[in-house]
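Chain naming here is simple, since letters A, B, ... match the order of the sequence lines and numbering starts at 1 in each.
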Number of protein chains: 4
Amino acid sequence: MKALVYHGPGKKSWEDVPDPTILKPTDVIVKIDATTICGTDLHILKGDVPAVEVGRILGHEGVGTITEIGDAVASLVVGDRVIVSAVTACGRCIYCKDGVYSHCQADEGASGIGWILGHLIDGTQAEYVRVPFAETSVHKLPEGVSDAEGLLLSDILPTGHEIGVQYGRVKPGDVVAVIGAGPVGLAAMLTAGLYGPSRIIAIDLDANRVAEATKFGATDGDWKEQVLALTDGLGVDVAIEAVGIPQTFTMCLDIVRPAGTVANVGVHGTGVDLPLDTLWISNIVITMGLINANTTDMLLKMVASKKLDATPFVSHTFALDDILDAYDVFERAAETKALKVVLNA
Amino acid sequence: MKALVYHGPGKKSWEDVPDPTILKPTDVIVKIDATTICGTDLHILKGDVPAVEVGRILGHEGVGTITEIGDAVASLVVGDRVIVSAVTACGRCIYCKDGVYSHCQADEGASGIGWILGHLIDGTQAEYVRVPFAETSVHKLPEGVSDAEGLLLSDILPTGHEIGVQYGRVKPGDVVAVIGAGPVGLAAMLTAGLYGPSRIIAIDLDANRVAEATKFGATDGDWKEQVLALTDGLGVDVAIEAVGIPQTFTMCLDIVRPAGTVANVGVHGTGVDLPLDTLWISNIVITMGLINANTTDMLLKMVASKKLDATPFVSHTFALDDILDAYDVFERAAETKALKVVLNA
Amino acid sequence: MKALVYHGPGKKSWEDVPDPTILKPTDVIVKIDATTICGTDLHILKGDVPAVEVGRILGHEGVGTITEIGDAVASLVVGDRVIVSAVTACGRCIYCKDGVYSHCQADEGASGIGWILGHLIDGTQAEYVRVPFAETSVHKLPEGVSDAEGLLLSDILPTGHEIGVQYGRVKPGDVVAVIGAGPVGLAAMLTAGLYGPSRIIAIDLDANRVAEATKFGATDGDWKEQVLALTDGLGVDVAIEAVGIPQTFTMCLDIVRPAGTVANVGVHGTGVDLPLDTLWISNIVITMGLINANTTDMLLKMVASKKLDATPFVSHTFALDDILDAYDVFERAAETKALKVVLNA
Amino acid sequence: MKALVYHGPGKKSWEDVPDPTILKPTDVIVKIDATTICGTDLHILKGDVPAVEVGRILGHEGVGTITEIGDAVASLVVGDRVIVSAVTACGRCIYCKDGVYSHCQADEGASGIGWILGHLIDGTQAEYVRVPFAETSVHKLPEGVSDAEGLLLSDILPTGHEIGVQYGRVKPGDVVAVIGAGPVGLAAMLTAGLYGPSRIIAIDLDANRVAEATKFGATDGDWKEQVLALTDGLGVDVAIEAVGIPQTFTMCLDIVRPAGTVANVGVHGTGVDLPLDTLWISNIVITMGLINANTTDMLLKMVASKKLDATPFVSHTFALDDILDAYDVFERAAETKALKVVLNA
């Protein structure tokens with residue numbers, strides 16, 4: 001089959017590789033119908049994620065059709081259309097029993113981390129992918145949900161929802177600020193609506209992205225004085241960091257009200273300063289983390305019932321064979337306004 | 001009356017001042033029966049808390065007897081023995097309605113902070129104190145609870161409980177590490193027992209203090225490898241910071257397991273580093289804050305029913321007139337092994 | 001002033017009575033700008049609520065303007081437009097400190113119940129009303145919120161929200177059935193939307209009312225097989241009872257799924273059967289209760305920000321002087337299709 | 001092998017049957033080291049549970065050693081000592097993903113119920129048992145935990161904890177009444193201690209059992225006036241029903257305070273009256289349900305760390321071959337004072 005293979009920092013190719021096979025009775029093989037590229041894939045290609053070995057097939061998002069199942073797989077059959085979750089969960093370790101699939105302790109990849117596809121084992125930017133622990137790691141697609149909608153449920157929507165909105169403890173009446181109007185920030189804005197906020201404020205250094213954000217139900221925003229003016233002077237209930245740099249993390253601390261929450265979703269390359277000398281008295285909560293994919297089923301239900309519209313996330317569509325072009329467009333997102341690029345097989 | 005008055009950095013005196021009087025119908029006057037000194041008072045005396053003006057009577061902890069009540073006070077009468085909470089709550093602002101008394105927005109002190117006694121208005125290190133919003137800021141002492149027990153409920157026990165244990169989300173089966181075995185750390189260890197932990201580990205740079213901690217139900221502990229060895233190698237469920245320096249905050253980050261909680265109780269004088277480049281994927285929660293005193297009634301119930309024994313906190317007892325001696329002993333805590341010094345009127 | 005006075009079962013009159021006066025420093029006097037009639041008032045007039053004494057002014061809902069304040073009232077001034085809550089809360093008893101204002105233990109009415117207006121003390125169907133514990137029992141109306149919108153926040157919206165939706169534990173993705181499409185059922189449907197349900201099913205014996213319900217965001221519904229067909233055969237996540245008779249309570253038990261919730265909002269005149277022989281194994285939760293009015297501020301924020309539209313609740317408008325006509329229309333609701341009748345002063 | 005076989009109402013025998021074999025790759029075979037008899041087994045033998053077919057091996061509690069594993073079982077090996085949970089969980093259906101294993105929807109038994117052992121498939125009162133979905137249905141025993149301790153974690157301790165204490169929402173400071181001092185009531189009393197109650201009151205019609213209860217950390221109790229006298233006159237925070245008859249359920253309603261919780265643990269043979277005409281205003285919560293076994297790991301941790309002492313539950317010990325004698329003793333519990341009878345292989 002064809003697959004997108006990592007060959008060390010700066011090097012990738014779309015090349016022939018052997019088809020995956022069932023290795024364990026709990027595996028399935030999925031023929032990829034649609035996949036996409038994540039910002040994390042760009043980090044890998046820069047060499048920032050040393051755990052990724054040369055020769056690895058990238059990609060942790062995908063929608064496809066099951067072509068083969070292991071002997072122990074009872075609730076899935078060949079032909080099922082499924083979402084492949086970014087996080088692979090064994091469903092039986094101490095973390096999985098608590099629904100914290102992000103820290104699955106199973107031995108696939110031997111890492112104590114649920115994100116293994118396109119990281120510690122071969123991923124979804126390929127014609128076929130082996131999915132371990134399939135019954136707890138894929139989600140059947142109901143009729144009426146498109147490949148593109150399903151694809152957004154692999155990672156981006158549950159990440160925005162779980163790490164931004166749920167960890168941020170958004171509740172009815174809250175004012176929520178989201179800093180960073182890229183895909184994951186937009187996912188947080190969209191899914192925050194499930195919790196009855198009175199206002200969602202989109203903040204980005206790029207005015208175009210804020211304009212884009214209004215398509216997702218966010219009212220527009222500006223900086224600190226304006227934010228405080230919108231919130232009785234005390235600040236927002238929830239500030240969601242969706243960029244991943246020190247400046248935007250500090251911006252969250254600057255606008256969160258006493259007893260509010262800062263939910264970090266951004267992937268950071270350096271540490272940040274935490275001014276505990278002023279914050280120790282503030283009763284705020286700071287959260288962070290990797291997607292658990294424990295709300296994927298719920299979000300899928302909302303998408304299927306047309307209560308959540310994920311389609312505006314798709315900015316570009318390519319054939320899977322043109323994945324190198326898709327990478328090019330996605331790498332130049334500021335210029336191409338790429339959000340999510342869909343690759344159809 | 002006599003009172004301990006702040007005269008600027010490094011200067012204090014036990015001197016004659018006018019008696020307090022009822023200023024608002026919701027006030028009461030309390031004759032102090034017992035008071036104590038808090039680490040924060042030492043910070044004030046160093047000049048670290050500029051909001052405290054020269055001439056201010058210090059102290060935010062006390063037990064006493066009501067001698068006068070305002071016209072609007074319906075549920076308290078002259079003669080009631082009460083705990084004076086460190087936090088003064090109006091009971092009607094948006095924060096108080098949520099039980100977040102730490103950020104009471106009432107105009108006493110005009111600060112948006114519930115800690116006003118011995119800070120923005122005159123405090124409890126005196127023969128009498130005026131307590132605003134008395135019906136939501138004092139707690140009647142039942143018979144059988146001593147002054148010393150009540151005094152520990154002004155601040156130290158609820159702080160350890162609310163900011164350490166509750167914010168730390170301690171739950172049955174958890175392994176809890178408390179870094180810092182001073183009064184507030186010990187209060188966290190003691191009240192953590194209300195939530196069924198499987199193990200409480202006391203960590204301190206001072207071995208004497210760890211030994212002392214075992215009186216409070218904590219098993220002794222040691223440093224990182226030992227901690228991990230006690231916890232399946234993944235770390236503790238909850239790490240409580242009860243010192244207030246960067247080193248001990250970092251220690252908490254080093255031993256908390258994925259999806260665990262770091263609850264900061266320490267008062268910090270500088271900022272700390274937060275290595276988000278490694279932590280963004282860890283699903284931990286970091287909390288901090290000032291006492292709300294919204295669990296004082298519950299803790300009082302537990303003390304009254306002899307389920308919590310607060311008495312080991314009292315290391316020294318003085319007459320109120322000897323408060324300058326008490327300050328001397330408390331300032332040299334490392335040497336005198338002072339925990340809480342009780343001053344009886 | 002004029003007031004609607006109860007003269008025993010079946011007897012009421014709109015008559016001259018003395019103006020209310022400040023009795024305690026925490027009282028305010030409110031000039032009523034708008035009031036309404038509740039189903040409970042009809043129960044009282046039938047003689048079903050023996051605690052209501054002859055001579056009592058009825059009514060527990062109202063919007064008005066403060067004309068006088070007690071000496072202890074600090075956060076309200078003469079001229080403030082306010083919502084008078086159905087529940088009067090002292091803000092300082094053990095129940096109020098927990099936000100369970102429904103069971104305020106203060107001595108007004110000496111009953112351990114927060115509903116005292118038009119019940120144990122004179123109510124809001126009058127030109128003026130005395131409101132005890134005003135700072136914790138009225139809510140300032142921001143500009144831009146009409147009297148009619150404010151009036152719906154006295155009781156009906158918070159009741160549907162707190163006792164139906166919150167007690168019902170509605171969460172994102174849930175299928176919610178509301179049995180009874182009268183005012184309180186409609187309030188539950190409207191406010192359920194704050195919690196991201198995937199579907200709201202309106203059920204009523206009266207098809208007209210179901211049609212009406214669709215105005216409030218509820219999709220239409222039918223009976224048991226249809227309900228199960230909409231929910232994978234297992235039943236709804238939350239069933240809200242908003243009628244108050246045994247038949248509709250049983251209907252809720254019949255359609256709730258294992259581990260779901262039945263939230264009773266209806267006022268019942270008789271007991272019901274609870275088939276624990278089949279339900280003991282079902283892991284369901286059954287809730288019930290009187291409004292706490294602890295979410296009124298949040299709902300007001302949502303109404304003020306135009307995220308909740310309460311106006312469809314108003315079916316009829318009268319002058320306050322025509323209150324007897326309004327009673328007549330409201331008593332014949334099945335015929336007149338009355339939901340809430342607004343009485344403007 | 002030998003097994004206890006049900007032959008219709010009133011008929012059972014200890015007889016030779018074929019050994020169980022692996023049927024699915026997720027199964028294991030466990031050699032029983034210890035088993036016990038549950039009150040439910042007596043119900044089955046009376047013919048009260050028609051789903052149990054003639055020829056069924058009874059028993060849903062057990063501790064044993066794995067002798068064979070299916071091909072898909074990765075985290076267990078032959079020789080592991082395990083607890084067999086009363087509830088069998090597939091770990092991948094919608095209920096299992098929420099941790100509500102009691103309503104596992106897997107096809108074993110095709111019932112939508114997690115309790116299948118000794119009910120819909122052959123059980124643990126035998127020399128060997130097949131356990132489906134083993135990785136999510138058995139719990140490895142650490143060294144130092146005895147067979148008897150493990151056996152109590154199959155059902156009785158998690159049932160008291162989950163359905164009594166957790167569903168009852170016991171929190172620090174609460175007064176908890178447990179009606180019924182049999183095994184499950186005692187398990188509730190014991191595990192309530194993990195949540196910091198200020199008092200646990202044991203109530204039983206049999207004074208001996210109350211005396212017995214004091215061994216488990218419960219203070220003794222008496223009836224209604226005494227209960228109210230112990231609780232400021234308003235009633236208990238949590239009333240746990242652990243008998244299963246209408247009288248004791250009503251007793252719970254009579255003593256629960258406004259906004260408290262009634263947690264039903266008893267298995268009921270008839271319906272009960274629910275006086276909603278008085279309770280609709282009470283803001284109480286009523287819960288019920290079958291064990292989820294989602295806290296077994298936590299309870300095992302507490303037993304292993306000697307924080308919970310389960311051994312007083314064991315009243316009698318027999319050899320497995322003497323199971324008919326054990327049934328006789330257990331059936332005459334009032335006379336023999338049997339709590340849990342342990343059968344050692």
**Prompt:** Do the side chain of A:Asn283 and the main chain of B:Met288 share a donor and acceptor less than 3.5 angstrom apart?
**Reply:** no
**Request:** Side chain from CB out, backbone as N, CA, C, O: work out which of these in B:Asn264 comes under 4.5 Å of a heavy atom of chain A, or both, or neither.
**Result:** side chain
**Contact summary for A:His103 and B:Ile281, nearest pair of heavy atoms** = NE2-O, 3.1 Å
**Asked** Atom OG1 in A:Thr278, atom NE2 in B:His268: separation rounded to 0.5 Å?
**Response** 11.5 Å
**Request:** Identify the heavy atoms of A:Tyr95 and B:Ala259 that sit nearest to each other, and give their distance.
**Result:** CE2-CB, 4.1 Å
**Request:** Check the pair A:Asp232, B:Ile94 against side-chain contact (heavy atoms from CB on, under 4.5 Å), reporting the backbone distance first and the verdict last.
**Result:** CA-CA 11 Å; A:Asp232 70 17; B:Ile94 50 171; 4.1 Å; yes
**Message:** Under 4.5 Å from any heavy atom of chain A, what part of B:Ser102 do you find: side chain, backbone, both or neither?
**Reply:** side chain
**Fill in**
Heaviest contributor of heavy-atom pairs below 4.5 Å to chain A, chosen from B:Val285, B:Val100, B:Ile284, is B:Ile284
**Prompt:** What is the distance from atom CG of B:Leu276 to atom CG of A:Asp273, rounded to the nearest 0.5 Å?
**Reply:** 10.5 Å
**Prompt:** Step by step, would you call A:Asp277 with B:Val267 a side-chain contact (heavy atoms from CB on, under 4.5 Å)?
**Reply:** CA-CA 7 Å; A:Asp277 48 334; B:Val267 176; over 6 Å; no
**Asked** Side chain, backbone, both or neither: which part of A:Ile291 has a non-hydrogen atom closer than 4.5 Å to chain B?
**Response** neither
**Asked** Which bit of B:Asp98 comes within less than 4.5 Å of chain A, counting heavy atoms only: side chain, backbone, both or neither?
**Response** neither
**Under 4.5 Å from a heavy atom of chain A, the part of B:Ile163 involved** = side chain
**Asked** Going through the distances and angles, do A:Phe249 and B:Leu274 end up as a side-chain contact (heavy atoms from CB on, under 4.5 Å)?
**Response** CA-CA 11 Å; A:Phe249 184 78; B:Leu274 184 66; 3.9 Å; yes
